[in-house]
Amino acid sequence: MELFHDFNLESPEKAVKRLKRQAARLIEERDSLLYHSAKTLEAEYMSKIGYLQYELFALQGHAMKTKRKIEFINALKRNNKPVDVDKIDRFLDREYRPFHQRMSSMAYEVVQARTMLSSPYLNPSDVEFLRTSYISLVEVLHPDLNPSAPSEHDVLWERAADAYDACDLDMMRTVTELYGDSEKEELPTDPVQLEQERKRLLGIVRNLFNEIEKIRGDFPFSIAEALFDTSYISEQRKDISDQIAETQALCDKLSDELKSTL
């Protein structure tokens, strides 16, 4: 998709319409990366590597918590104070609450990944319908492209965005039908206003190009190829599995130490 264009070859009205359409396509491309491609790659990552990282994370947390418990008990004994194990456990539960929250979040991500990868994919015609319908709705409903649109468009836009995110074809059809009864935003007729709108839309297009480039360079796109490289996956699994074995041995050792401390 070209960013630069010879505006001398088209009227101001055509330039604004073309930039608006280009921005709509770029917004769809960005949202497709964020809401669809990224989620699929993240699911691949969690199903191939992330589930082992979750197991390692849980063991590391258990080891740290057990070590802290031993330190508490030894400190109380050195100061000839009574050891209240239940009180220590409650304190450690509070202290490690962020860790447990993160662990719950990781567990949820693993489950979601397996669910997503086992769900049926849309067929090509449905994907094309979703994409083209969204582009059309972005062009006429997106608040950045239509700053003067009536407030009732906000609800339609939220529904369109939700339908695209969830790949809800029925909702997308409904929003498309509902929009048919709405008023479209008119282009300005004043040449100065047209030029201002052209520059505003050109800025949006440039920002979208930059945003898409950044998204493609970030996780999970940064490891997209590696996720389908069997050698890479095997190496990662072996490395994490070795760490799991080492951490499990540490947990067993700390568990024995805790028993002897009590």
Side-chain angles (χ1 to χ4, degrees), residues 1-45 122 124 127-168 171-172 175-176 179 182-227:
M1 189 178 293
E2 294 183 1
L3 172 60
F4 300 104
H5 190 81
D6 187 351
F7 292 100
N8 294 319
L9 299 178
E10 60 186 355
S11 67
E13 291 87 351
K14 285 185 178 180
V16 168
K17 287 179 180 179
R18 182 186 58 76
L19 283 168
K20 198 170 188 181
R21 186 68 173 174
Q22 186 178 19
R25 289 196 181 104
L26 287 170
I27 288 172
E28 189 279 330
E29 182 180 348
R30 178 201 63 191
D31 291 353
S32 177
L33 290 171
L34 292 174
Y35 302 141
H36 302 155
S37 301
K39 288 181 179 179
T40 300
L41 287 173
E42 286 167 359
E44 289 285 351
Y45 178 83
L122 295 178
V127 170
E128 183 61 16
F129 165 77
L130 194 71
R131 188 184 75 83
T132 55
S133 298
Y134 189 62
I135 289 172
S136 297
L137 291 170
V138 166
E139 189 174 358
V140 293
L141 294 176
H142 196 288
D144 289 347
L145 304 187
N146 303 276
S148 302
S151 58
E152 55 265 26
H153 280 195
D154 294 344
V155 175
L156 286 173
W157 166 244
E158 287 175 7
R159 291 182 180 177
D162 289 344
Y164 185 78
D165 184 5
C167 296
D168 189 332
M171 177 59 75
M172 187 64 77
V175 176
T176 302
Y179 178 72
S182 301
E183 294 183 9
K184 296 184 179 181
E185 186 177 40
E186 298 293 332
L187 290 178
T189 56
D190 179 71
V192 174
Q193 290 181 330
L194 270 174
E195 177 60 15
Q196 290 174 341
E197 180 65 0
R198 184 190 71 80
K199 289 181 178 178
R200 188 184 75 84
L201 289 170
L202 185 59
I204 289 174
V205 167
R206 283 176 172 148
N207 288 338
L208 285 166
F209 267 106
N210 292 334
E211 191 176 353
I212 288 169
E213 184 177 5
K214 183 179 183 305
I215 290 169
R216 290 189 181 278
D218 292 340
F219 179 87
F221 298 99
S222 57
I223 63 164
E225 274 189 47
L227 285 175

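Values reported hereafter were calculated over all heavy atoms of this structure, with side chains retained and with hydrogens, waters and symmetry mates removed.
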Pair E197 + R200, salt bridge at N-O below 4.0 Å
yes

Please lay out, stage by stage, how V138 and W157 fare under the test side-chain contact (heavy atoms from CB on, under 4.5 Å).
CA-CA 8 Å; V138 166; W157 166 244; 3.7 Å; yes

Answer with yes or no whether the side chains of Y164 and D31 bring together a donor and an acceptor at under 3.5 Å.
no

Rounded distance [0.5 Å steps], CG in L137 versus CE in M172
6.0 Å

Residue list, salt bridge (Lys or Arg N to Asp or Glu O under 4.0 Å) with E42, at least two apart or on another chain
none

Looking at D218 and K214, what are the two nearest heavy atoms and their distance?
OD2-NZ, 2.9 Å

For a 4.5 angstrom cut-off between non-hydrogen side-chain atoms, does I212 reach L33?
yes

To the closest 0.5 Å, what do you measure between OG1 (T40) and OH (Y35)?
14.5 Å

Roughly how far, to the nearest 0.5 Å, is the CG atom of L34 from the CD atom of E29?
10.5 Å

Can you check salt bridge (Lys or Arg N to Asp or Glu O under 4.0 Å) on E195 and R198, steps first, answer last?
CA-CA 5 Å; E195 177 60 15; R198 184 190 71 80; 2.7 Å; yes

For the residue pair L145 and K20, what are the closest heavy atoms and their distance?
O-CE, 3.3 Å

Note: P220 and A38 closest approach over all heavy atoms is CG-O, 3.7 Å

Kindly indicate whether the side chain of L208, heavy atoms from C-beta on, has any atom under 4.5 Å from the side chain of R30.
yes

NZ/NE/NH1/NH2 to OD/OE distance under 4.0 Å, R131 and E128
yes

Note, Y134 side chain near S32 side chain (heavy atom, < 4.5 Å)
no

Separation between NE2 (H142) and CD1 (I27), nearest 0.5 Å, reads 4.0 Å

Please tell me if the side chains of V16 and K199 come closer than 4.5 Å, counting only heavy atoms from C-beta onward.
no

State whether the side chain of D190 and the backbone N or O of Q193 hold a donor-acceptor pair below 3.5 Å, judged by distance alone.
yes

Residues at least two apart in sequence or cross-chain that pass salt bridge (Lys or Arg N to Asp or Glu O under 4.0 Å) with E13, listed by chain then number, are none

List the steps and the verdict of side-chain contact (heavy atoms from CB on, under 4.5 Å) for F209 and Q22.
CA-CA 11 Å; F209 267 106; Q22 186 178 19; 4.0 Å; yes

Is it true that a side-chain atom of N207 and a backbone atom of G203 form a donor plus acceptor pair closer than 3.5 Å?
yes

Salt bridge (charged side-chain N to carboxylate O under 4.0 Å, His left out) pairs touching residues 132-143, sequence neighbours excluded, are R21-E139

Give the C-alpha distance, both sets of side-chain angles, the deciding distance and a yes or no for salt bridge (Lys or Arg N to Asp or Glu O under 4.0 Å) between D165 and K39.
CA-CA 10 Å; D165 184 5; K39 288 181 179 179; 2.9 Å; yes

CG on L227 to CD on E44, rounded to 0.5 Å:
7.0 Å

Thinking salt bridges, do E213 and R216 make one under a 4.0 Å N-O criterion?
no

Measure the shortest side-chain to side-chain distance between L130 and C167 over non-hydrogen atoms and say whether it is less than 4.5 angstrom.
yes

Rounded distance [0.5 Å steps], OG in S222 versus CD1 in I215
13.0 Å

